[in-house]
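Encoded as structure tokens, the structure appears first; notes follow it.
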Amino acid sequence: MSLDLNTLLQDWPHEPGAIRVRKIMGLDGREKLQLRVDLGMLQMEMHGRPDGQRPHNCESLLVYHQRRAARAAERGETYELTPEECGELQQEGIQYYHRYLSLFQINEFQGVIRTRSAISIFSPLSMNNRNAKR
């Protein structure tokens, strides 16, 4: 088996200015989204975290940090994110945003709504970044 992606990409050329998305059936039997970008393609899960990971055994990093923040609040403590954790949350948010745009492009509006609720990372989290200006 060749690791060269050119065969896949030749059959689905990039079109500058166009958002090209398709649904495929993965080898695991689950539907997946593919987003064609200039240097290749992104493949995402339709449900859960787009990369299929479950960080800290949670649906997402956001859920993990929200749970930790809630536990800290119950103890009367402040929960702070490190700069690295903020970067990880940003990366996760970008994954969800790619799926959101892809689903919108193919008129999969139930998925758009489901993914939009997961992008609540851009809402206040009641968490503070140690480097944030107050």
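With contacts defined as side-chain heavy-atom distances shorter than 4.5 Å, the pair M46/R99 does not qualify. Counting heavy atoms from C-beta outward, L103 and T115 have side chains that approach closer than 4.5 Å. You'll find the side chain of V21 stays beyond 4.5 Å of the side chain of R36, heavy atoms only.
Atom CD1 of residue I94 and atom CG of residue L42 lie 11.0 Å apart, to the nearest 0.5 angstrom. Distance check: L33 CG to K23 NZ gives 7.5 Å after rounding to the nearest 0.5 Å. To the nearest 0.5 Å, atoms OG (S60) and CD (Q66) are separated by 7.0 Å. Atom CD of Q105 is separated from atom OH of Y100 by 12.5 Å, given to the nearest 0.5 angstrom. Interatomic distance, T82 OG1 to E88 CD, rounded to the nearest 0.5 Å: 7.0 Å. For the atom pair CZ of R22 and OG of S102, the computed distance is 12.0 Å after rounding to the nearest 0.5 Å.
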Verdict with supporting geometry, L35 and Q43, side-chain contact (heavy atoms from CB on, under 4.5 Å) = CA-CA 6 Å; L35 171 63; Q43 182 167 298; over 6 Å; no
Might you work through the side-chain contact (heavy atoms from CB on, under 4.5 Å) test for Q95 and M44, ending with a clear yes or no?
-> CA-CA 8 Å; Q95 289 180 16; M44 299 163 275; over 6 Å; no
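When the salt bridge (Lys or Arg N to Asp or Glu O under 4.0 Å) test is applied to E84, no partner is found at least two apart in sequence or on another chain. With sequence neighbours excluded, no residue satisfies side-chain contact (heavy atoms from CB on, under 4.5 Å) with D11. Listed by chain and number, the residues in a side-chain contact (heavy atoms from CB on, under 4.5 Å) with E15 are A18, R20 (sequence neighbours excluded). With sequence neighbours excluded, no residue forms a side chain to side chain donor-acceptor pair (under 3.5 Å) with Q53. Partners of N107 according to the side chain to side chain donor-acceptor pair (under 3.5 Å) rule, which considers only residues two or more places apart in sequence or in another chain, do not exist here. With sequence neighbours excluded, no residue satisfies ring pair (Phe, Tyr, Trp, His ring centres under 6.0 Å) with Y96. Applying the side-chain contact (heavy atoms from CB on, under 4.5 Å) criterion to A72, with sequence neighbours excluded, gives R75, E77, Y79. Residues satisfying the side chain to side chain donor-acceptor pair (under 3.5 Å) test with H47, not counting sequence neighbours, are R114.
Under the 4.5 angstrom side-chain criterion for Ile, Leu, Val, Met, Phe, Trp and Tyr, I24 has no cluster partners at all. Other members of the hydrophobic cluster containing M41, listed by chain and number, are L5, L8, L9, W12; membership follows side-chain contacts under 4.5 Å among ILVMFWY residues, whether direct or relayed.
Pairing each heavy atom of Q10 with each of P13, the nearest pair is O-CD, 3.9 Å. Across every non-hydrogen atom of H56 and L61, the tightest pair is CD2-CD2, 4.0 Å.
Under a hydrophobic-cluster definition in which Ile, Leu, Val, Met, Phe, Trp and Tyr are linked whenever side-chain heavy atoms come within less than 4.5 Å, directly or via other members, I113 and L62 are assigned to different clusters. I19 and Y97 end up in the same hydrophobic cluster when Ile, Leu, Val, Met, Phe, Trp and Tyr side chains are linked at under 4.5 Å.
Atom OH of Y64 is surrounded by more than 12 heavy atoms from other residues, nucleotides or ligands within 6.0 Å.
For residues 62-74, no pair satisfies salt bridge (Lys or Arg N to Asp or Glu O under 4.0 Å), with sequence neighbours left out. Among residues at least two apart or in separate chains, salt bridge (Lys or Arg N to Asp or Glu O under 4.0 Å) pairs with a member in residues 40-66 are R30-E45, K32-E45, R49-D51, R49-E92.
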